[in-house]
Engineer: 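Questions regarding the structure given below will be posed in turn.
Atom set for the values below is all heavy atoms of this structure, side chains included, hydrogens, waters and symmetry mates excluded. As the structure is a prediction and not an experimental result, all values here were calculated from the model.
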Amino acid sequence: MPDSLRIGFVPEHFSTPLHFARKHYALSDTLLPFPSGTGHMVQALQASEIDVGVGLTEGWVAAFGKAQASKYLSASDVGFKVIGTYVETPLCWAISTGPRREISGVEELNGKKIGVSRIGSGSYVMGFVLADQQGWLNPNSSSPPFEVVPLNTFEKLREGVNNSTADFFMWEHFTSKRYYDNGSIKRIGEIYTPWSGWKIVARTPLLSTPELQNFLESVNKGIRHFEANQEEAVKYISTELDYSEEDAREWLKTVRFAQDVRGVDKGVIEKTVEVLSKAGVLGSGLQVENIVGVERSEAVKWI
């Protein structure tokens with residue numbers, strides 16, 4: 001095994017504890033940014049281009065179901081597992097359209113074009129969760145509630161709702177807010193994930209390695225530093241990332257990171273599978289036991 005792991009992450013405000021782990025606690029693993037999100041990290045994991053990913057719960061679970069169904073059939077191992085909990089709070093997905101579009105509310109989105117970063121990404125999955133909540137999913141129809149338009153990046157999604165490539169898209173609230181404030185996109189609603197927002201996954205061969213354990217402990221240290229040094233966090237987020245100081249402070253009021261990232265609550269994954277199956281994102285037969293690499297009750301074995 002290499003001494004240094006390749007860690008995929010989304011370079012947004014949620015990544016601040018990773019930055020602190022590297023800056024203050026000599027995290028030696030290679031941090032590889034994936035601005036287009038969890039869906040891109042899934043591809044990198046499956047291509048063995050990264051070893052670990054820190055991303056959205058719904059993106060990991062959807063990817064596991066797709067991989068199991070299409071490539072591995074009924075196999076219990078699709079190459080990676082969920083092994084850690086990064087953020088305990090749910091994620092607020094803002095729903096956006098172009099500022100000059102006539103769309104003014106969520107109820108008008110049925111049958112419209114939804115921009116997503118990638119098929120299977122969080123922005124894709126949450127569109128179907130929204131459709132389920134709104135009652136737009138017809139179990140007797142093969143027609144989806146939206147036309148899905150993959151646009152890869154947040155920048156392309158913003159452009160898409162302004163040039164009519166897409167009618168709307170969904171992205172994290174505080175990442176979107178700056179663009180509401182400057183008038184380049186318009187907010188028409190929001191939806192919260194029915195589960196905790198962020199999980200850590202790792203390639204299966206790494207699950208019992210000291211390298212992975214060391215990385216997770218470094219993340220724990222980064223989180224503790226984040227919580228004890230909120231002003232440093234605000235300065236980093238507002239100067240190095242694409243957020244105002246005011247928004248950084250407001251975000252800090254809404255987020256709660258895991259006190260110990262090691263392990264995952266099986267019930268959270270069960271809830272995610274249940275909702276995504278109902279929304280038509282997952283097929284039947286997905287076993288939660290095959291997704292979870294380390295349960296929280298088992299994580300004490302790593303201490």
Side-chain angles (χ1 to χ4, degrees), residues 6-16 18-19 30-47 49-50 53-60 62-63 66 86-87 91-101 103 109 112-130 146-191 193 197-198 201 237-244 247-248 251 281:
R6 300 161 298 172
I7 312 298
F9 74 103
V10 183
E12 296 174 351
H13 45 329
F14 287 96
S15 68
T16 304
L18 298 177
H19 166 73
T30 303
L31 296 178
L32 299 173
F34 284 78
S36 51
T38 306
H40 192 187
M41 278 190 281
V42 167
Q43 295 177 358
L45 271 170
Q46 292 172 331
E49 295 169 353
I50 60 174
V54 183
L56 299 177
T57 304
E58 58 270 23
W60 297 135
K66 180 180 178 181
Y86 187 55
V87 175
L91 192 72
C92 179
W93 288 86
I95 305 169
S96 305
T97 188
R100 291 174 293 280
R101 305 299 288 273
I103 299 171
L109 300 179
K112 294 292 195 294
K113 294 182 290 186
I114 179 174
V116 304
S117 55
R118 280 174 167 76
I119 301 298
S121 66
S123 58
Y124 170 87
V125 169
M126 288 306 297
F128 287 87
V129 175
L130 175 69
F146 317 112
E147 179 185 343
V148 177
V149 184
L151 293 172
N152 296 312
T153 66
F154 182 41
E155 179 182 7
K156 293 295 184 183
L157 288 166
R158 300 194 308 270
E159 292 174 359
V161 294
N162 279 281
N163 63 23
S164 298
T165 302
D167 294 309
F168 74 102
F169 70 91
M170 305 169 69
W171 210 257
E172 193 271 335
H173 167 72
F174 285 101
T175 309
S176 306
K177 186 175 179 299
R178 171 177 292 232
Y179 302 95
Y180 301 139
D181 294 343
N182 69 21
S184 59
I185 56 176
K186 178 174 68 175
R187 190 179 195 275
I188 58 172
E190 66 182 30
I191 181 174
T193 57
W198 295 73
V201 304
I237 293 167
S238 61
T239 58
E240 301 298 326
L241 303 175
D242 194 17
Y243 305 87
S244 68
D247 288 348
W251 171 70
V281 176

Engineer: Atom NE2 in His19, atom CD in Glu240: separation rounded to 0.5 Å?
Structural biologist: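 So the NE2 of His19 and the CD of Glu240 are separated by 7.0 Å.
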
Engineer: To check you understand the geometry: which heavy-atom pair defines the closest contact between Ala248 and Ile237, and what is its length?
Structural biologist: CB-CG2, 3.7 Å

Engineer: Check whether any side-chain heavy atom of Ile185 sits under 4.5 Å from a side-chain heavy atom of Asn162, and report yes or no.
Structural biologist: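 Sidechains of Asn162 and Ile185: in contact.
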
Engineer: Among residues at least two apart in sequence or on other chains, which ones pass ring pair (Phe, Tyr, Trp, His ring centres under 6.0 Å) with Trp93?
Structural biologist: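 In terms of ring pair (Phe, Tyr, Trp, His ring centres under 6.0 Å), with neighbours along the sequence ignored, Trp93 is linked to no residue.
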
Engineer: Salt bridge between Lys156 and Glu159, side-chain N to carboxylate O under 4.0 Å?
Structural biologist: yes

Engineer: Under the salt bridge (Lys or Arg N to Asp or Glu O under 4.0 Å) criterion, do Asp167 and Arg101 qualify, and how do the steps go?
Structural biologist: CA-CA 8 Å; Asp167 294 309; Arg101 305 299 288 273; 2.4 Å; yes

Engineer: Please report the interatomic distance CG(Leu157) to OG(Ser176), rounded to the nearest 0.5 Å.
Structural biologist: 9.5 Å

Engineer: So, does Arg187 use its side chain to make a donor-acceptor pair with the main chain of Lys177 at under 3.5 Å?
Structural biologist: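 Judged by distance alone, no pair lies under 3.5 Å.
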
Engineer: Are the side chain of Thr97 and the backbone of Phe168 linked by a donor-acceptor contact shorter than 3.5 Å?
Structural biologist: no

Engineer: Can you tell me how far apart CG (Leu241) and CZ (Arg178) are? Round to the nearest 0.5 Å.
Structural biologist: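 Output value for this atom pair is 10.0 Å.
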
Engineer: Please confirm whether the backbone N or O of Ser117 pairs with a side-chain atom of Ser36, one donor and one acceptor, at under 3.5 Å?
Structural biologist: no

Engineer: So, for Gly160 and Asn163, which heavy atoms are closest and what is the spacing to 0.1 Å?
Structural biologist: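 What the structure gives for the nearest pair is O-OD1, 3.1 Å.
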
Engineer: Can we call the ring centroids of Phe14 and Tyr86 under 6.0 Å apart?
Structural biologist: no

Engineer: Can the ring centres of Trp251 and Tyr243 be said to be less than 6.0 Å apart?
Structural biologist: no

Engineer: Compare every heavy atom of Val125 with every heavy atom of Ala62, then report the nearest pair and how far apart it is.
Structural biologist: CB-CG2, 3.6 Å

Engineer: Taking everything shown except Lys186 itself, do over 12 heavy atoms lie less than 6.0 Å from its NZ?
Structural biologist: yes

Engineer: Quick check: do Phe174 and Cys92 have side-chain heavy atoms less than 4.5 Å from each other?
Structural biologist: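 A side-chain contact under 4.5 Å is absent here.
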
Engineer: Which heavy atom in Leu18 sits nearest to a heavy atom in Leu31, and how many Å separate them?
Structural biologist: O-CD1, 4.1 Å

Engineer: Begin from the C-alpha positions of Leu130 and Ile114 and carry the test side-chain contact (heavy atoms from CB on, under 4.5 Å) through to its verdict.
Structural biologist: CA-CA 11 Å; Leu130 175 69; Ile114 179 174; over 6 Å; no

Engineer: Where is the tightest heavy-atom contact between Ile103 and Lys112, given as atom of each residue plus distance?
Structural biologist: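 It is CD1-CE, 4.3 Å.
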
Engineer: Please work out whether the ring planes of Tyr180 and His173 are parallel, tilted or perpendicular, with thresholds of 30° and 60°.
Structural biologist: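 The rings of Tyr180 and His173 sit tilted, inter-plane angle from 30° to 60°.
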
Engineer: If the condition is salt bridge (Lys or Arg N to Asp or Glu O under 4.0 Å), which residues does Glu172 pass it with, not counting sequence neighbours?
Structural biologist: none

Engineer: State, with a plain yes or no, whether a side-chain heavy atom of Thr57 is found less than 4.5 Å away from one of Thr193.
Structural biologist: no

Engineer: Rounded to the nearest 0.5 Å, what separation is found between the OG atom of Ser96 and the CZ atom of Phe154?
Structural biologist: 7.0 Å

Engineer: Phe169 vs Trp171 aromatic rings, parallel, tilted or perpendicular, using cut-offs 30° and 60°?
Structural biologist: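 Perpendicular, since the angle between the ring planes exceeds 60°.
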
Engineer: For Thr175 and His13, run side-chain contact (heavy atoms from CB on, under 4.5 Å): C-alpha distance rounded to whole Å, both residues' side-chain angles, the deciding distance at 0.1 Å, then the answer.
Structural biologist: CA-CA 8 Å; Thr175 309; His13 45 329; 3.4 Å; yes

Engineer: Does any non-hydrogen side-chain atom of Met126 lie less than 4.5 Å from one of Ile191?
Structural biologist: yes

Engineer: Closest approach of Gly120 and Tyr124, non-hydrogen atoms and distance?
Structural biologist: N-CD2, 3.3 Å

Engineer: To the closest 0.5 Å, what do you measure between NZ (Lys113) and OG1 (Thr165)?
Structural biologist: 6.5 Å

Engineer: Does Glu190 reach the side chain of Ile95, with side-chain heavy atoms less than 4.5 Å apart?
Structural biologist: no

Engineer: Any sub-3.5 Å donor-acceptor pair from Thr38's side-chain atoms to Leu56's backbone N or O?
Structural biologist: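 Yes, Thr38 side chain to Leu56 backbone: donor-acceptor pair under 3.5 Å.
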
